[in-house]
Student: 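Dumping the structure here so I can ask a few things about it.
Hydrogens, waters and symmetry mates are skipped; everything else that's a heavy atom, side chains included, is used. A, B, ... follow the sequence lines: proteins, then strands. Residue 1 opens every chain.
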Amino acid sequence: MEQRQGRQSMPTEMRALRALRIGLWLLVALAGVGAAVLLLVSSGNPPQLQARAKLDPSFEAIDQNGRRVTERTFQGKPSAWFFGFTHCPDVCPTTLQQLTTSLDQLGEDAKKLTVVFVTVDPERDTPAILKEYMESFHPSIVALSPSAKDLNAIVKGFAAYYAKVPQTEGYTMEHSSLVILRAADGTFAGTIDQHEQAETARAKLQRLGRG
Amino acid sequence: MRGLFLAGAFLLAAPALAHDFQAGELVIVHPTSRATPGGAKVGAGYLTIRNTTSSDDRLVRIESAVADRIQVHASTNENGVARMREMANGLPLPANSEVTLKAGGDHIMFVDLKQPLKAGDKIAATLVFEHAGQVEVTFNVEPLGGAKAGASEHAH
């Protein structure tokens with residue numbers, strides 16, 4: 001009797017041990033997955049926008065024609081937002097030129113959206129400076145010179161980024177280089193990266209305008 | 001044969017309207033700039049420098065009457081953020097390599113332009129190298145939208 005119980009108890013213990021082993025391996029696997037997820041989440045990139053996130057900061061600013069605008073000026077119509085500055089030799093003129101070319105090619109569709117250029121360097125980029133600068137680009141692009149406080153509100157509202165970087169003489173700016181698209185209802189509708197093909201960028205603007 | 005080879009080389013080079021300069025054994029390929037937007041105080045310069053020698057060199061300085069200061073900038077545009085850093089010690093030109101400064105990447109920055117840059121302008125400049133000495137070059141100013149997009153540029 002005892003012997004039989006003994007024989008029977010052995011497999012029970014082995015089953016228990018095997019279950020424990022499997023359980024421990026599962027924990028290891030889980031830890032691995034967890035670590036991978038953490039790595040993905042904390043890779044140090046600027047904040048990523050979720051689809052359908054609302055991009056609707058309250059702000060006011062002066063446009064290149066000296067008009068006072070607020071968030072209400074741009075509500076109810078699709079818009080594309082770009083953050084840059086005029087002391088920017090390469091990325092900003094390139095992006096504004098690409099937007100200009102897209103708007104030229106969109107023809108009538110160009111009227112269905114507003115392209116907004118926000119200077120991240122309002123200290124130097126006054127509305128008058130922006131006016132002269134924007135004369136080289138599509139006439140429908142609205143350029144905004146906000147106060148530092150309003151600039152921070154806009155940048156935060158669009159999950160964008162800028163920073164002032166001192167140089168041996170003067171300073172330069174780091175800034176978001178993506179064009180951020182906003183649907184008529186104020187929700188995030190994608191981005192345009194400068195590395196994308198011109199046709200891709202144009203198609204995105206066309207789709208945005210047509211809603 | 002040599003004539004044929006030269007003709008071939010010319011045909012290859014002609015479409016890009018390349019222009020080259022030489023400093024010692026360094027070859028400076030097609031320095032260009034871009035028309036500046038209205039009132040802009042800064043401009044960009046692009047070129048390729050070919051160092052086929054077995055020793056490192058360095059572009060230490062660029063001089064031109066067109067701007068108060070001329071710098072070489074390390075530039076990145078990654079993860080949706082554009083960053084720029086002055087290469088205070090000049091542009092390294094490693095042995096047996098080719099360094100290209102181009103739109104969207106590392107570039108030359110003309111700071112505090114004396115006058116706007118217009119398409120078709122030619123900017124006279126002197127490149128000063130650590131070992132190869134110095135050479136006079138010209139930066140051809142291309143339209144704001146690049147050489148190809150010239151036709152679509154806005155004229156106001």
Side-chain angles (χ1 to χ4, degrees), chain A residues 43-49 83-98 100-105 120 124-125 128-139 159-163 165-170 172-180 191-195 198, chain B residues 32-46 67-89 101-113 116-119 142-156:
Chain A
S43 53
N45 292 342
Q48 302 289 309
L49 288 167
F83 296 83
F85 64 119
T86 71
H87 280 72
C88 169
D90 187 61
V91 170
C92 309
T94 301
T95 302
L96 287 170
Q97 179 58 38
Q98 286 170 347
T100 293
T101 305
S102 292
L103 289 171
D104 277 343
Q105 291 168 345
V120 295
R124 292 187 291 204
D125 290 340
I129 295 270
L130 289 179
K131 177 156 184 69
E132 194 181 353
Y133 193 76
M134 296 313 291
E135 275 168 8
S136 299
F137 302 104
H138 198 278
Y161 166 84
Y162 80 98
V165 183
Q167 292 200 285
T168 43
E169 273 181 78
T172 187
M173 308 297 295
E174 292 181 353
H175 58 100
S176 294
S177 57
L178 297 172
V179 177
I180 302 168
T191 58
I192 297 173
D193 189 301
Q194 205 195 358
H195 304 106
Chain B
T32 59
S33 180
R34 220 166 33 171
T36 46
K41 298 289 188 294
V42 299
Y46 311 110
D68 277 353
R69 280 165 290 140
I70 303 170
Q71 306 165 343
V72 180
H73 278 197
S75 171
T76 60
N77 186 0
E78 285 161 4
N79 298 322
V81 176
R83 293 189 164 92
M84 220 161 68
R85 179 176 55 79
E86 183 186 345
M87 297 169 85
N89 298 320
L101 305 180
K102 61 176 197 295
D106 297 349
H107 54 261
I108 293 160
M109 181 164 167
F110 299 102
V111 186
D112 287 334
L113 288 168
L117 304 179
K118 295 193 194 68
E142 294 179 344
L144 188 47
K148 284 176 235 152
S152 72
E153 193 174 354
H154 269 248
H156 288 274

Student: Once rounded to the nearest 0.5 Å, what's the spacing between atom CZ of B/Arg34 and atom OG1 of A/Thr94?
Tutor: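 The OG1 atom of A/Thr94 is 3.5 Å from CZ of B/Arg34, to the nearest 0.5 Å.
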Student: Got a second to check how far A/Thr168's OG1 is from B/Arg69's CZ, nearest 0.5 Å?
Tutor: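 So the OG1 of A/Thr168 and the CZ of B/Arg69 are separated by 7.0 Å.
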Student: Go through the structure and list residues passing ring-ring contact (aromatic ring centres under 6.0 Å, His included) with A/His87, not counting sequence neighbours.
Tutor: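 For A/His87, no residue satisfies ring-ring contact (aromatic ring centres under 6.0 Å, His included) once neighbours in sequence are set aside.
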Student: Write out all pairs satisfying salt bridge (Lys or Arg N to Asp or Glu O under 4.0 Å) with one or both partners inside residues 73-84 of chain B, taking only residues at least two apart or from two chains.
Tutor: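 Listed once each, the pairs are A/Glu174-B/Arg83.
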Student: Nearest 0.5 angstrom please: B/Asn77 CG to A/Ser176 OG, how far?
Tutor: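 Those atoms lie 10.0 Å apart.
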Student: Between atom OG1 of A/Thr100 and atom CG of B/Leu144, what is the distance when rounded to the nearest 0.5 Å?
Tutor: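 Between A/Thr100 OG1 and B/Leu144 CG, I get 8.0 Å after rounding to 0.5 Å.
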Student: At a heavy-atom separation under 4.5 Å, does A/Cys92 approach chain B through its side chain, its backbone, both, or neither?
Tutor: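 Answer is neither: A/Cys92 stays 4.5 Å or more from chain B.
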Student: Given the options A/Gln194, A/Met173, A/Glu169, which has more heavy-atom pairs under 4.5 Å with chain B than any of the others?
Tutor: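 Of the candidates given, the most pairs with chain B belong to A/Glu169.
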Student: Drop me the distance from A/Asp90's CG to B/His107's NE2, to the nearest 0.5 angstrom.
Tutor: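 Interatomic distance, A/Asp90 CG to B/His107 NE2, rounded to 0.5 Å: 5.0 Å.
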Student: For the residue pair B/Met109 and A/Pro89, what are the closest heavy atoms and their distance?
Tutor: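 That would be SD-CG, 3.5 Å.
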Student: Measuring from atom CD of B/Gln71 to atom CD of A/Gln167, what distance do you get when rounded to the nearest 0.5 angstrom?
Tutor: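 Taking CD in B/Gln71 and CD in A/Gln167, the distance rounds to 5.5 Å.
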Student: Who wins among B/Ala40, B/Gly43, B/Gly38 for the most heavy-atom pairs under 4.5 Å with chain A?
Tutor: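 Counting heavy-atom pairs under 4.5 Å, the top option is B/Gly38.
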Student: Under 4.5 Å from any heavy atom of chain A, what part of B/Tyr46 do you find: side chain, backbone, both or neither?
Tutor: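 B/Tyr46 touches chain A through side-chain heavy atoms alone.
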Student: So which heavy atom on A/Leu178 is nearest to which on B/Gly80, and how close?
Tutor: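 For A/Leu178 and B/Gly80, the tightest heavy-atom pair comes out as CG-CA, 3.6 Å.
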